[in-house]
Number of protein chains: 2
Amino acid sequence: MLKLGKLTDYATVLLAAMAAEPERLHAALELSGRTSVAAPTVAKLLKQLQKGGLVQSARGAHGGYRLARAPGLVTVADVIRALEGPIAVTDCAVHDGGCAIEVGCAARAPFRLINAAVTQALEAVTLADMAASLSATPRRPAEVPLTEVPILFHPANSRPTSQVRAHVRRR
Amino acid sequence: MLKLGKLTDYATVLLAAMAAEPERLHAALELSGRTSVAAPTVAKLLKQLQKGGLVQSARGAHGGYRLARAPGLVTVADVIRALEGPIAVTDCAVHDGGCAIEVGCAARAPFRLINAAVTQALEAVTLADMAASLSATPRRPAEVPLTEVPILFHPANSRPTSQVRAHVRRR
DNA sequence: CGTAAAGAAGACCAAAGCAGTCCGGTTTTC
DNA sequence: GAAAACCGGACTGCTTTGGTCTTCTTTACG
């Protein structure tokens, strides 16, 4: 499984929809209509995303939400962190202590490695990529042309978002 | 969080412990003692791992469990699959249909990409790596020397376990 | 200045998944 | 035949998650 929550999934869809028109204000209800996500859920999610600093809100009539940063600077990892907290494949991969085994645990170091790699993968995809894949020529899913994305893995550097980027090649 | 269950974590620890002596039979109770995982839980996990084909069992007195494959051929991804089913960051990343959005969903293709990358990372670490890191010179966690592991990302090839391997460099 | 359109905040609930335990049965060794 | 193991479940309590509802505040516009 290793699943992330549905809400996180929805949030990504919402943000991707917003990324198509980054400047405009998007009302929660309008986004609900465009994405088929239930209205109360959209409202809840956008509030959480605002708390997480990913979107800005404008209150009152003709209010709505807008991306706080350019689509290319918002990664999937950011979305997950805003909704589910820090990315941690296992508890011991992030915060020390609390584990009975801890010292001499064979799995600890490898899990940290894995956690870094997973984080890396999540930081490599931005809303801009999603917005682009939306307007691309529709194709059968199986041949969606995202291929051969070399990911440089560098656990020491935990925030390589801007330098190390996935190159999404489409033919 | 993107967390995997505690049981999966425990299972990895158990298997790593077994990987230290791959030939020997390990009784559930004995493994419990060595890993500080509660005995009934160990029993439950080993049963599931057997069903998943990761360990072989020998019944009767002096019975126990043994790795079904060489430690270098068992990856963390295998463990997760045995206990939690297929690796799927989101539902739509794996099985088609059932999603209201589906067609024209901006998040779908990128999530597949991410899912492949995550799988890749999980396939890159084997029990042998863990057993090695266990017997390595103990160091402060912060400077655990797992660094610079280039991961070749190739979604088309979903089972690159044996070719593409993480190079765990230690100084 | 009043009304309508929006977001803010949080309480609330139902359902599902997860962790953990326990039991009775079977197989093998000594 | 008794003890040491694994086998196959059932079962339960708990936490998390998804989703809805209500009430309040803010702003635009006629």
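First the proteins, then the strands, lettered A, B, ... as listed; each starts at 1. Note: hydrogens, waters and symmetry copies are ignored here, and every other heavy atom, side chains too, is used.
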In whole Å, what is the span from the [atom1] atom of [X] to the [atom2] atom of [N]?
X: A/Leu49; N: C/dG7; atom1: CG; atom2: P; answer: 13 Å
X: A/Gln56; N: D/dT27; atom1: CD; atom2: C1'; answer: 17 Å
X: A/Gln48; N: C/dG10; atom1: CD; atom2: C1'; answer: 12 Å
X: A/Leu2; N: C/dC18; atom1: CG; atom2: P; answer: 12 Å
X: B/Asp91; N: D/dG18; atom1: CG; atom2: C1'; answer: 13 Å
X: A/Tyr65; N: C/dG7; atom1: OH; atom2: P; answer: 5 Å
X: A/Asp9; N: D/dG19; atom1: CG; atom2: P; answer: 11 Å
X: A/Arg66; N: C/dG7; atom1: CZ; atom2: P; answer: 12 Å

*Nearest-nucleotide 5' precedence on DNA chain C, A/Lys51 against A/His62*: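 By nearest-heavy-atom nucleotide position, the 5'-most residue is A/His62.
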_With a 3.5 Å cut-off and heavy atoms only, can you find an N or O donor on one side and an acceptor on the other between the side chain of A/Lys44 and the base of D/dG19?_
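Donor-acceptor pair under 3.5 Å: yes.
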*Does B/Arg59 get its side chain close enough to the base of C/dT26, under 3.5 Å, for a donor-acceptor pair?*
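Result: at least one qualifying N/O pair found.
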Quick check on [N]: is either OP1 or OP2 less than 4.0 Å from any side-chain nitrogen or oxygen of [X]?
X: B/Thr41; N: C/dA19; result: no
X: A/Tyr10; N: D/dT17; result: no
X: B/Ser57; N: D/dC7; result: yes

_Audit row: A/Leu31, A/Met18, side-chain contact (heavy atoms from CB on, under 4.5 Å) steps and yes/no_ = CA-CA 8 Å; A/Leu31 279 174; A/Met18 294 173 73; 3.8 Å; yes
*Which comes earlier along DNA chain D counting from the 5' end, the contact point of A/Ala61 or that of A/Leu4, where each point is its nearest nucleotide?*
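Result of the comparison: A/Leu4.
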*Is it true that B/Asp91 and A/Lys3 have a side-chain N and a carboxylate O under 4.0 angstrom from each other?*
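Yes.
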Would [X] and [Y] show up in the same hydrophobic cluster when neighbours are defined by side-chain heavy atoms closer than 4.5 Å?
X: A/Leu113; Y: B/Ile80; value: yes
X: B/Met130; Y: B/Leu67; value: no
X: A/Leu2; Y: A/Ile114; value: yes
X: B/Leu122; Y: B/Val125; value: yes

*Across the strands shown, which category fits B/Ala43 at heavy-atom distances under 4.0 angstrom: base, sugar-phosphate, nothing?*
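The answer is nothing, as B/Ala43 stays clear of every strand by at least 4.0 Å.
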_Using a heavy-atom cut-off of 4.0 Å across all strands, would you classify A/Lys6 as base, sugar-phosphate, or nothing?_
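Sugar-phosphate, backbone atoms only, no base.
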*Counting only non-hydrogen atoms, which of residues 21-32 of chain A are less than 4.0 Å from DNA chain D?*
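Nucleic-acid contacts, sorted: none.
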*Distance-only polar pair, side chains of A/Asp78 and A/Thr75, donor-acceptor under 3.5 Å*: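 There is such a pair between these side chains.
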